[in-house]
2 protein chains.
Amino acid sequence: MTVDHDADVPVYQQIAHIIKARIDAGQIAPRRRIPSESTMVQEFGVARVTARRAVAYMRQQGWVYTVPQRGTFVSEPEDEEPAGS
Amino acid sequence: MTVDHDADVPVYQQIAHIIKARIDAGQIAPRRRIPSESTMVQEFGVARVTARRAVAYMRQQGWVYTVPQRGTFVSEPEDEEPAGS
DNA sequence: ATTGATTTGTTCGTATGTATT
DNA sequence: TAATACATACGAACAAATCAA
């Protein structure tokens, strides 16, 4: 997954949704660490500020929580919407 | 040798070139250790991140190699360009 | 075997300046 | 003007490995 600088959606949101997709796909379980800022810098070829904004955005969405000097982790499932049918 | 924060060249590159000059001057021989990160912090009055960037830059240039938990050392001379005259 | 100092590795937090749209 | 994004730099904390006493 890469990032498109010429898209309507800001790069930091693109990154946030890419990570979110991995979470939803079960590739990163609750309480597990998401990629560090510098990892995102390398993986997506963006500046660190942008990676930070992506994390801040994910935090804002309630998807993750950050522990200073430790990392950012996937949030506990809040209260699952019951699977349909 | 000190560092100029108002120069065009980034501080980390300035430090890298200062160390390189010492290597070229024979003050630090191949296989010998260059100053540690915390030494550079003290000597140049910069943050450790900046010292680390200087080392990373030198590594990138092929001037040095780093052994984790041991230090950073001057690279072996590749293939000397024959001394002129 | 233990302790303490040293050294690199890694992480998030913060600030400034610049450029582009 | 405001939002986005990049580069640089300092700060703080902790981990882990090495080495010497």
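Letters A, B, ... mirror the listed sequences (proteins, then strands); counts begin at 1. The basis for the numbers below is simple: all heavy atoms, side chains too, and nothing from hydrogens, waters or symmetry mates.
- Residues G45(B) and Q14(A) both approach DNA chain D. Their nearest nucleotides, taken by heavy-atom distance, put Q14(A) toward the 5′ side.
- Contacts of V55(A) with the nucleic acid, taken as non-hydrogen atoms under 4.0 Å apart, are absent.
- Considering only the side chain of A47(A), dC6(D) comes nearest among dG13(C), dC6(D), dG11(D).
- In this structure, R33(A) reaches the dT11(C) phosphate: one of its side-chain N or O atoms is under 4.0 Å from OP1 or OP2.
- A side-chain donor-acceptor contact under 3.5 Å links T66(A) and R59(A).
- In this structure, S36(A) contributes its side chain and T39(A) its backbone to a donor-acceptor pair below 3.5 Å.
- Dashed line: the shortest gap from a side-chain N or O of S36(A) to OP1 or OP2 of dT10(C) is not under 4.0 Å.
- Between the CD1 atom of I19(B) and the CD atom of Q14(B) there is a distance of 12.5 Å, given to the nearest 0.5 Å.
- Across the protein-nucleic acid pair, Y12(A) atom OH and dT4(D) atom P stand 4 Å apart, rounded to whole Å.
- Out of dC10(D), dG9(C), dC12(C), the shortest distance to the side chain of R59(B) is found at dG9(C).
- The separation between R52(A) atom CZ and dC10(D) atom P is 18 Å, rounded to whole Å.
- OP1 and OP2 of dC14(D) both lie 4.0 Å or more from every side-chain N or O belonging to R70(A).
- Salt bridge status for E43(B) with R22(B): present, with a side-chain N to carboxylate O gap under 4.0 Å.
- Between G62(B) and S75(B), the shortest heavy-atom distance links the atoms O-OG, 3.0 Å.
- Rounded to an integer number of Å, the gap from NE2 of H5(B) to P of dA15(C) is 18 Å.
- The nucleotide whose nearest atom lies closest to any side-chain atom of T50(A) is, among dA5(D), dG13(C), dT8(C), dA5(D).
- What separates CZ of R53(B) from C1' of dG9(C) is a distance of 16 Å, to the nearest Å.
- For the pair M40(A) CE and dC12(C) P, the computed distance is 7 Å after rounding to whole Å.
- For the pair Y65(B) OH and dT8(C) P, the interatomic distance rounds to 13 Å; values are reported in whole Å.
- Both V49(A) and P35(A) lie close to DNA chain C; mapped to their nearest nucleotides by heavy-atom distance, the more 5′-ward contact belongs to P35(A).
- Rounded to an integer number of Å, the gap from D4(A) CG to dT4(D) P is 16 Å.
- The nearest whole Å value for the distance from the CD atom in Q69(A) to the P atom in dC14(D) is 7 Å.
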